[in-house]
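Note that this is a predicted model, so its numbers are computed, not measured.
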Amino acid sequence: GWALDPADQPSVKRGEPQRQGNYWEERAECRAPMREGSRLLVRADFGSISVTPGAGANMTCQVRLRVYTANEAEARRYFRSYELALRPHDGGLFLKGSFPTERSRNHKSLSAEFDIAVPTRANLDLETQGGEIRVGKLQGSLQAVTAGGDIRTSDVTGPTRVETAGGSILLGSISAAVEARTAGGSIQVGDIKGAAVLETSGGEIVAGMVTGTLRAETAGGDLVLRGASATIEAQTAGGQIQIGDSGGSVIAQTAGGSIRLNGARGRVDVKTAGGSINLLQLRNAVNASTAAGCILAQIDADQKTFSAS
């Protein structure tokens, strides 16, 4: 049989540790051929991940490892026990950075930065146990999970699912369905061409126009939603709710704050425990209640559209 050119094999080159003031640093480089449209899986015990699409038919990665100690022997021991591997996986690539031993994994004086370049068309599945995740303009799907840190992306064409256990989420425009969840922080996303689920345990949610259904939920913060072509569900445990136009029904609830809606084709059901309610250009049935504050509802339905509800 024919042998693969060594240049086509995934390679990982690790440099010599260098002293940099109060820490030691080791730089590593990895590269491998990567087909347009294939998938890159990244699993890191810790560290930030940055991915820049547009790299031709290769995946390249620069990894910076740091150990915050003045002791060279200790630093070298950590670098030696850190495993960095890149291998083919399921038609794509798998990059893994890990400490096999628990003792080293829990060490607070370690940091890692992954700087990755991939082809323009790629599907990404990224996971780190701690650190921020950044992704440039991507033609493909994205899954990004971090146990702590912000997640930021430019525009993404494929289905997008992002999750952080603590940090804010900032997404560009997404041309497919979106799921974004954070255990603490704000969520901001551009226009979405697909169903959207946006959830935070604390922080505001701001979203562009959604072509599909939209569910936005926060345990504390304002909801500012430009609108959706189908049903909108909006819930906050404390904050104002502002919604643009809805092509479907609207269910909105706040434990404290005003609600403003600029149009709905479907049924509207809104409730606040304290604040005013302003509902404009309604074309269907409405149910609005506030424990304190005035309610204004402007209904633009004629007999035909109204009785169809």
Side-chain angles (χ1 to χ4, degrees), residues 6-7 9-34 40-55 58-89 92-118 122 124-136 143-153 162-170 183-185:
Q9 294 288 350
S11 70
V12 176
K13 293 192 182 84
R14 297 183 63 165
E16 270 297 299
Q18 305 284 333
R19 174 86 187 258
Q20 307 275 1
N22 67 336
Y23 62 86
W24 284 82
E25 182 174 89
E26 181 194 293
R27 295 191 175 209
E29 285 185 18
C30 38
R31 69 179 294 125
M34 183 173 173
L40 171 66
L41 214 72
V42 179
R43 294 291 180 268
D45 272 1
F46 58 86
S48 62
I49 300 173
S50 173
V51 183
T52 309
N58 285 305
M59 173 272 195
T60 60
C61 178
Q62 314 273 335
V63 184
R64 290 217 305 240
L65 293 171
R66 288 178 183 170
V67 180
Y68 291 86
T69 176
N71 182 325
E72 181 177 355
E74 185 188 11
R76 283 182 180 275
R77 200 164 61 244
Y78 276 118
F79 290 140
R80 261 201 310 276
S81 64
Y82 186 78
E83 287 182 3
L84 187 62
L86 175 63
R87 57 184 170 81
H89 177 80
L93 294 168
F94 181 28
L95 174 66
K96 187 173 185 191
S98 64
F99 273 113
T101 57
E102 281 295 327
R103 188 182 61 80
S104 337
R105 183 185 299 180
N106 296 329
H107 205 285
K108 289 284 179 279
S109 60
L110 300 164
S111 77
E113 285 173 31
F114 292 82
D115 211 338
I116 301 169
V118 295
L124 301 178
D125 183 338
L126 316 171
E127 200 169 308
T128 171
Q129 293 306 309
E132 69 167 20
I133 297 178
R134 288 174 179 259
V135 177
Q143 178 153 312
V145 178
T146 170
D150 295 347
I151 297 178
R152 292 167 177 263
T153 78
V162 296
E163 198 171 320
T164 169
S168 61
I169 294 174
L170 181 59

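The aromatic rings of Tyr78 and Phe99 stand perpendicular to each other, their planes meeting at an angle above 60°, with 30° marking the opposite boundary.
Between the CG atom of Leu41 and the NE2 atom of His89 there is a distance of 5.0 Å, given to the nearest 0.5 Å. Atom CD1 of Ile169 is separated from atom OG1 of Thr153 by 10.0 Å, given to the nearest 0.5 angstrom. Put simply, CZ on Arg43 and NZ on Lys96 are 10.0 Å apart, with the number rounded to the nearest 0.5 Å. Considering CG of Leu126 and CZ of Arg134, their distance stands at 14.0 Å, rounded to 0.5 Å. The OG atom of Ser98 sits 9.0 Å away from atom CG of Leu84, with the distance rounded to the nearest 0.5 Å. To the nearest 0.5 Å, atom CD of residue Gln62 and atom OG of residue Ser50 are 11.5 Å apart.
Gly167 approaches Asp150 most closely through the heavy-atom pair CA-OD1, 3.4 Å. Taking both residues in full, the closest heavy atoms of Tyr82 and Phe114 are given as OH-CZ, 3.3 Å, listed atom of the first, atom of the second, then distance. Minimum interatomic distance between Phe46 and Thr128 (heavy atoms only, all atoms of both residues): C-OG1, 3.5 Å. Residues Leu95 and Cys30 approach most closely at CD1-SG, 4.0 Å, considering heavy atoms. Between Pro10 and Ala32, the closest heavy-atom pair is CA-CB, 3.7 Å. Between Asn58 and Arg31, the shortest heavy-atom distance links the atoms ND2-NH2, 3.3 Å.
The residues Glu16 and Arg76 are annotated as salt-bridged, a charged nitrogen and a carboxylate oxygen being separated by less than 4.0 angstrom. Of the charged side-chain nitrogens involved, none lies within less than 4.0 Å of a carboxylate oxygen, so that Glu132 and Arg152 do not count as a salt-bridged pair.
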Item to check | Working for side-chain contact (heavy atoms from CB on, under 4.5 Å), residues Val63 and Arg14 | outcome: CA-CA 9 Å; Val63 184; Arg14 297 183 63 165; over 6 Å; no
Checklist entry - Given Asp115 and Glu113, is the side-chain contact (heavy atoms from CB on, under 4.5 Å) satisfied, shown in steps? => result CA-CA 6 Å; Asp115 211 338; Glu113 285 173 31; over 6 Å; no
Next on the checklist: Would Val51 and Leu124 count as a side-chain contact (heavy atoms from CB on, under 4.5 Å) here? Give the steps.
Outcome noted: CA-CA 9 Å; Val51 183; Leu124 301 178; 3.7 Å; yes
Checklist entry - Hey, mind stepping through Ile116 and Ile49 against side-chain contact (heavy atoms from CB on, under 4.5 Å) and telling me if it holds? => result CA-CA 8 Å; Ile116 301 169; Ile49 300 173; 4.1 Å; yes
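Using a 3.5 Å distance cut-off with no hydrogens or angles, the side chains of Thr69 and Glu74 do pair a donor with an acceptor.
Arg77 places no side-chain N or O within donor-acceptor distance of the main-chain N or O of Glu72, the cut-off being under 3.5 Å. Listed for the Thr146 side chain is a donor-acceptor partner under 3.5 Å among the backbone atoms of Gly131.
Taking the side chain as every heavy atom from C-beta outward, Met59 and Leu40 approach each other to under 4.5 Å. Using a 4.5 Å cut-off on side-chain heavy atoms (C-beta onward), Phe94 and Leu86 make no contact.
For Arg87, there are no side-chain hydrogen bond (donor to acceptor under 3.5 Å, both in side chains) partners, not counting sequence neighbours. For the salt bridge (charged side-chain N to carboxylate O under 4.0 Å, His left out) test, residues two or more places apart in sequence or in another chain that qualify with Arg66 are Glu25. Every side-chain contact (heavy atoms from CB on, under 4.5 Å) that Asn22 has, sequence neighbours left out, goes to Tyr68.
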